[in-house]
Trainee: 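I am attaching a structure below and will ask some questions about it afterwards.
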Amino acid sequence: MARERITTSQARRIALAAQGFADGRPSGTPTTAHLKRVVGRTGLLQMDSVNIVARAHFMPLFSRLGPYDPDLLHRAAWRPGRGKRLLVEYWAHEAALIPVDDWPLFRWRMDEFADGRYRTTREFMKRNRALAADVRSVIETIGAATPRAIEEHLGIERRAGGANNWWDRSDVKHVCEAMFAAGELSAVRNANFVRHYDLAERVLGPDVLERRPDRDEAHRQLLERAARSLGVATVADLADYYRLKPADARPAVADLVDAGTLHEVRVDGWDEPAYLADGAVIPRKITASAILSPFDPLVFFRPRTERLFDFHYRIEIYVPEHKRVHGYYVLPYLLGTDLVARVDLKADRRSRTLLVLAAFCEPAHDRGVVAQRLLADLRDLAAWLDLDDVSVGERGDLVRDLKAAMGC
């Protein structure tokens with residue numbers, strides 16, 4: 001039986017609708033209901049500590065809602081007050097905020113990470129069971145705490161010059177990270193993005209903590225969520241969304257096809273079979289424009305980004321400066337159904353200016369049109385970041401058109 005054929009244009013519209021870009025932005029101030037709608041589309045918000053523009057987990061909401069109060073996300077994840085916590089942090093794609101109710105779907109991963117994610121951490125934990133018990137006891141007593149606060153409570157002095165960065169962790173930090181990965185601890189963050197560890201039952205509630213779906217069922221549910229968030233996808237795309245192994249994903253995808261949750265299709269230009277989520281929509285057109293985080297779920301799986309949008313994209317933070325092609329912190333720019341440009345941005349908070357260090361237009365797109373739309377979105381981004389101005393540098397084939405749009 002012939003598989004349904006989907007054109008590249010249709011695949012893009014399906015993918016963009018699945019990610020919320022066909023929903024339209026709120027006419028008024030975005031609310032918690034809008035945040036829920038976005039997270040309902042994306043399933044997760046990948047986290048990253050880099051704050052060159054804005055931390056990664058704040059950007060997908062801006063890209064879909066426009067300027068919003070970041071406190072919406074703080075309350076949803078870390079400061080619910082008397083309300084219900086909506087999001088919690090765990091290793092989903094990478095470090096990510098996920099709906100609280102999805103946390104039990106990673107129990108199998110917590111079992112795999114019973115003593116931490118890394119071999120060195122697992123070896124450390126085997127030698128330091130007593131310290132792990134002490135850490136738990138302190139957190140039980142004083143509540144959510146940083147490793148430093150736990151160390152002070154235990155009377156542990158850090159070695160001079162030690163544990164000043166991610167790669168030079170203290171013993172207590174190693175223990176906290178291992179217990180977090182195992183699901184024994186969860187975490188909340190303060191306004192400076194500092195993680196405070198707490199008992200998982202206090203963060204999540206006992207009803208969530210008690211749920212323990214079996215591994216195969218959890219994989220099916222995660223892949224079903226990934227399919228809804230992607231719209232149309234290959235097995236590799238689906239597996240990557242929650243970082244499952246393709247070997248684990250294939251039988252689960254087959255189960256979802258048998259259940260009618262996924263439908264096998266053929267997408268023009270794709271070498272691998274694709275799967276269409278049941279209920280996926282194909283809008284007649286997409287009119288959204290958005291500056292995207294490098295970690296936005298629309299683009300975080302680079303092979304899919306290239307296959308779907310013909311957009312070769314790599315983040316160059318870890319590339320030596322002289323080898324960078326586009327810049328240090330380059331963000332893709334979506335216009336309609338195309339990724340039409342990329343901009344190297346920096347929020348200079350001292351001068352209260354959004355710096356466009358470089359801007360490049362993709363081939364076959366009208367630079368004048370792209371520049372006009374991009375400038376409007378850059379100004380919205382600057383205002384959201386509480387910056388007063390946008391300044392355009394000299395690098396890239398789009399900067400002249402941006403400056404012309406600014407009247408420079």
Side-chain angles (χ1 to χ4, degrees), residues 8-9 12 15-16 19 21 46 48 50-54 56 59-60 62-64 66 269 286-348 351 353-385 387 389-408:
T8 301
S9 174
R12 287 186 186 182
L16 289 164
Q19 281 286 312
F21 289 103
Q46 185 175 335
D48 191 79
V50 175
N51 199 22
I52 298 297
V53 178
M59 279 296 295
F62 172 78
S63 300
R64 291 155 178 80
I286 299 285
T287 60
S289 64
I291 299 168
L292 303 173
S293 160
F295 307 104
D296 191 289
L298 182 67
V299 297
F300 62 26
F301 188 43
R302 310 302 189 213
R304 173 181 167 83
T305 303
E306 189 161 359
R307 184 180 352 107
L308 186 61
F309 293 103
D310 192 25
F311 187 83
H312 180 79
Y313 177 55
R314 299 292 184 272
I315 190 166
E316 298 180 85
I317 288 176
Y318 304 111
V319 176
E321 185 174 1
H322 69 281
K323 293 185 178 181
R324 290 177 194 145
V325 176
H326 296 108
Y328 180 77
Y329 199 74
V330 175
L331 294 85
Y333 182 57
L334 173 73
L335 183 57
T337 59
D338 297 319
L339 294 174
V340 298
R342 60 191 87 203
V343 283
D344 184 15
L345 299 182
K346 179 180 180 180
D348 189 333
S351 68
T353 302
L354 180 62
L355 304 178
V356 183
L357 303 174
F360 303 86
C361 191
E362 291 298 290
H365 292 287
D366 186 316
R367 289 201 298 268
V369 172
V370 171
Q372 288 285 348
R373 293 289 297 272
L374 175 58
L375 179 60
D377 286 323
L378 287 167
R379 285 172 168 161
D380 277 351
L381 177 60
W384 177 60
L385 295 171
L387 304 175
D389 199 7
V390 175
S391 175
V392 179
E394 302 299 327
R395 290 189 61 242
D397 62 1
L398 191 55
V399 296
R400 181 180 298 179
D401 299 272
L402 277 173
K403 289 181 178 180
M406 296 173 72
C408 298

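Numbering starts at 1 and runs along the sequence shown. In this text the structure is predicted, and so the values were computed from the model without any measurement. For the numbers below, each heavy atom of this structure counts, side chains included, while hydrogens, waters and symmetry mates do not.
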Trainee: Roughly how far apart are Leu331 CG and Phe295 CZ, rounded to 0.5 Å?
Mentor: 9.5 Å
Trainee: Can you tell me how far CZ of Phe309 sits from CG of Leu16, rounded to the nearest 0.5 angstrom?
Mentor: 4.5 Å
Trainee: Answer yes or no: is there a side-chain heavy-atom contact under 4.5 Å between Glu362 and Arg342?
Mentor: yes
Trainee: Quick one: do Arg12 and Asp310 make a salt bridge, cutoff under 4.0 Å?
Mentor: no
Trainee: With a distance cut-off below 6.0 Å to the six-membered ring centre and an angular limit of 45° from the axis, does Arg373 pair with Tyr333 as a cation-pi contact?
Mentor: no
Trainee: In this structure, are over 12 heavy atoms from other groups packed under 6.0 Å from Arg400 atom CZ?
Mentor: no
Trainee: Excluding sequence neighbours, so at least two apart, what forms side chain to side chain contact (heavy atoms under 4.5 Å, CB included) with Asp397?
Mentor: Phe360, Cys361, Arg367
Trainee: Got a sec: does the NZ of Lys346 have more than 12 other heavy atoms crowding it under 6.0 Å?
Mentor: no
Trainee: Are the side chains of Leu374 and Val356 in touch, meaning some heavy atoms are under 4.5 Å apart?
Mentor: no
Trainee: Okay, side chain of Glu316, backbone of His326: is any donor-acceptor separation there less than 3.5 Å?
Mentor: yes
Trainee: Do the non-hydrogen side-chain atoms of Leu345 and Tyr329 ever get within less than 4.5 Å of each other?
Mentor: no
Trainee: I'd like to check the ring pair (Phe, Tyr, Trp, His ring centres under 6.0 Å) partners of Phe300; sequence neighbours left out, ordered by chain and number.
Mentor: His93, Tyr241
